Amino acid sequence: PKEVRIFGLSVSSGFFINILIGIMCILLLGCAENHDSEDTKQTTQIMTEPESEIEKKPQVTAEPTKEPIAEPTTVPAKEETKPVEEPKKEEQLTEAEGNERLKKLQVDGTQLVDEDGNPVQLKGLSTHGLSWFPQYVNQELFTELSADWNCNVVRLAMYSAEYNGYCTGGNKEELKQLIKDGVQYAENAGLYVIVDWHVLGEGDPNTYKEEAKAFFDEMSKEFADKQHVIYEICNEPNGGVNWASVKSYALEVIPVIRANDEDAVIIVGTPTWSQDVDKAAADPITEYDNIMYALHFYAATHKEDLRNRMVNALGNGLPIIVSEYGICSADGNGGIDAQQSQAWIDLMDEKNVSYVACNLSNKNETSAVFASGCSKTNGFTKDDLSDGGRWLYDMLTSEENMESTTQDADTNHNDNLVVENGMEYQAIISNSWESDNKKYEQYCVELKNISDKEINGWEIELEFENAFQ
């Protein structure tokens, strides 16, 4: 079909009706194809989002519990005007050049600063699990992140559990070599690098504490003279583990690193998928310097309550780094919540909090940066990116492209306004995402009775330029 009819019983004079609809475009995704949503003449449709994976992180509440994830509230996606060029062929930096560009970091109060005391804000991207997507750890891509994406950090996410995790059947030597390669690629590209012990499935970081200690002992010896390396010792404690247990784990792992590298920055995760920064603020680690605490969010799930928690923890003197975030729901799927994402970005920029987006992969999920049909591992253009990847690219590279999503919504409201039979209506694209090699689009229909009397038995027809399912 190429049209949708919507029927209604009655609408009083001067009243609005908002209707949310969605369509599945007949579109297969692949590398270097145009995945942008098609324009509509008059728009709209009602539809649920594609099935998501098992819920990972709950909506934050005053006392967080694992609740169902709420549907995101979105605003129209911004029109893209800045194409991604082929990556610049920058020469790799020498070790001396890398050390000059990558000044040694330290923690001063709640701020990350360089060796001269200048505030530093890290902005970049994280890999997905190294066991599953090792191909994205390569020199060309890391150079693109630095030269084209305006990144100054990359995160190497090595799952400790899950399928083929470091402690659950993964090839430890291959994984460690990937870490070592990634650290060198990052230095060559002028990027800081976070070595992430990605606690997730096991919940309690103490489950594989001895393996973590051995891993960080080896890595901190290997990178002792590398001033661009940051250690993240437990990604997301969860499953009911409390801060006392996480802190106890940290107080065993931190001295292992300090024995080899006395002042590297170390990130400690917090309970409830790294949301409980308030618990850490009430009882911080005082035995060691240069410690930061992880806060993670997914914008369609974690909103003002968690932002307020971050502000309060900062106010109580806790150094926070957002070492993982997403612009969709906490399971990595669903639609892009541009409004909430921008609210997070604005706050983190205001507070000089560093942030690292997840993830560098072509996995069939919203949070993946690359389109699911794209097999490239470097040399990306904008057409190779997912919708989320394009949003992140625009945000990281162009402030003016991401000024105010609300302003854009207001600007576009009259593009397809229809007035007939005492009714005024229009359909505005509010979201889009990719799943199962298909393109989904979501629209909001705004209908208003502009006559001076009630209208009964109304009907409107929305015509699209292209067929949909």
Side-chain angles (χ1 to χ4, degrees), residues 93 98-127 136-137 141-157 179 182-198 223 226-233 235-236 261 263-270 274 277 289-297 299 310 313-314 318-327 341 344-360 369 392-393 395-399 402:
L93 303 177
N99 285 337
E100 176 62 26
R101 180 169 174 178
L102 299 167
K103 293 187 175 182
K104 193 167 187 64
L105 300 177
Q106 55 191 346
V107 179
D108 183 9
T110 62
Q111 296 291 300
L112 192 62
V113 301
D114 65 21
E115 59 199 40
D116 300 320
N118 301 310
V120 173
Q121 186 183 26
L122 302 178
K123 300 180 182 181
L125 295 165
S126 174
T127 68
Y136 298 103
V137 179
L141 176 55
F142 283 20
T143 300
E144 287 177 50
L145 296 180
S146 175
D148 298 342
W149 287 70
N150 199 33
C151 293
N152 59 2
V153 66
V154 65
R155 179 179 185 239
L156 304 174
I179 294 284
V183 168
Q184 187 59 58
Y185 298 152
E187 183 179 40
N188 293 343
L191 297 170
Y192 291 96
V193 61
I194 299 172
V195 176
D196 167 35
W197 181 260
H198 203 85
F223 307 134
K226 300 289 189 183
Q227 57 191 34
H228 70 302
V229 177
I230 299 168
Y231 300 99
E232 184 169 8
I233 64 174
N235 164 60
E236 289 182 352
D261 191 331
D263 52 11
V265 172
I266 297 173
I267 303 169
V268 181
T270 56
S274 281
V277 288
D289 295 328
N290 290 341
I291 305 299
M292 303 196 81
Y293 300 84
L295 181 142
H296 293 175
F297 71 84
M310 182 181 79
L314 288 167
L318 194 74
I320 289 175
I321 181 170
V322 176
S323 52
E324 179 183 321
Y325 74 93
I327 60 176
S341 298
W344 274 105
I345 297 300
D346 291 343
L347 179 62
M348 292 185 293
D349 286 344
E350 176 189 339
K351 301 296 184 182
N352 202 47
V353 171
S354 298
Y355 47 87
V356 184
C358 185
N359 63 75
L360 291 169
V369 167
L392 289 168
Y393 175 84
M395 182 273 294
L396 288 166
T397 60
S398 176
E399 291 182 4
M402 301 300 299

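Treat the numbers as computed from the prediction; the structure is a model and nothing was measured.
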### Message
In the structure I gave you, are the side-chain heavy atoms of E324 and E232 within less than 4.5 Å of one another anywhere?
### Response
no
### Query
Could you give the distance from CZ (R155) to CD1 (I321), rounded to the nearest 0.5 Å?
9.0 Å
### Message
Is it the case that the side chain of N290 and the backbone of V107 share a donor-acceptor pair, with hydrogens and angles ignored and the cut-off at 3.5 Å?
### Response
yes
### Task
State, with a plain yes or no, whether a side-chain heavy atom of V353 is found less than 4.5 Å away from one of L314.
yes
### Query
Counting distance only, does the side-chain N/O of E115 pair as donor-acceptor with the main-chain N or O of K104 below 3.5 Å?
yes
### Query
So, does D114 use its side chain to make a donor-acceptor pair with the main chain of D116 at under 3.5 Å?
yes
### Query
Just by distance, with hydrogens left out, do D349 and Y355 show a side-chain donor and acceptor under 3.5 Å apart?
yes
### Validation row, ring centre Y325 to ring centre W344 under 6.0 Å
no
### Task
Would you please say whether a donor-acceptor pair under 3.5 Å links the side chains of N352 and Q111?
yes
### Query
Any side-chain heavy atom of V137 sitting closer than 4.5 Å to one from F142?
yes
## Note on the structure
Exactly one of L105, V183, L191 clears side-chain contact (heavy atoms from CB on, under 4.5 Å) with H228, and that residue is V183
### Query
Is a side-chain donor or acceptor of N150 paired with a backbone partner of L396 at a separation under 3.5 angstrom?
yes
### Close side-chain approach of F297 to V322, heavy-atom, < 4.5 Å
yes
### Message
Any non-hydrogen side-chain atom of L141 less than 4.5 Å from a side-chain atom of V154?
### Response
no
#### Entry: Separation of M310 CE from I320 CD1 (nearest 0.5 Å)
6.5 Å
### Query
Would you say the side chain of Y192 lies within less than 4.5 Å of the side chain of K103, judging by non-hydrogen atoms?
yes
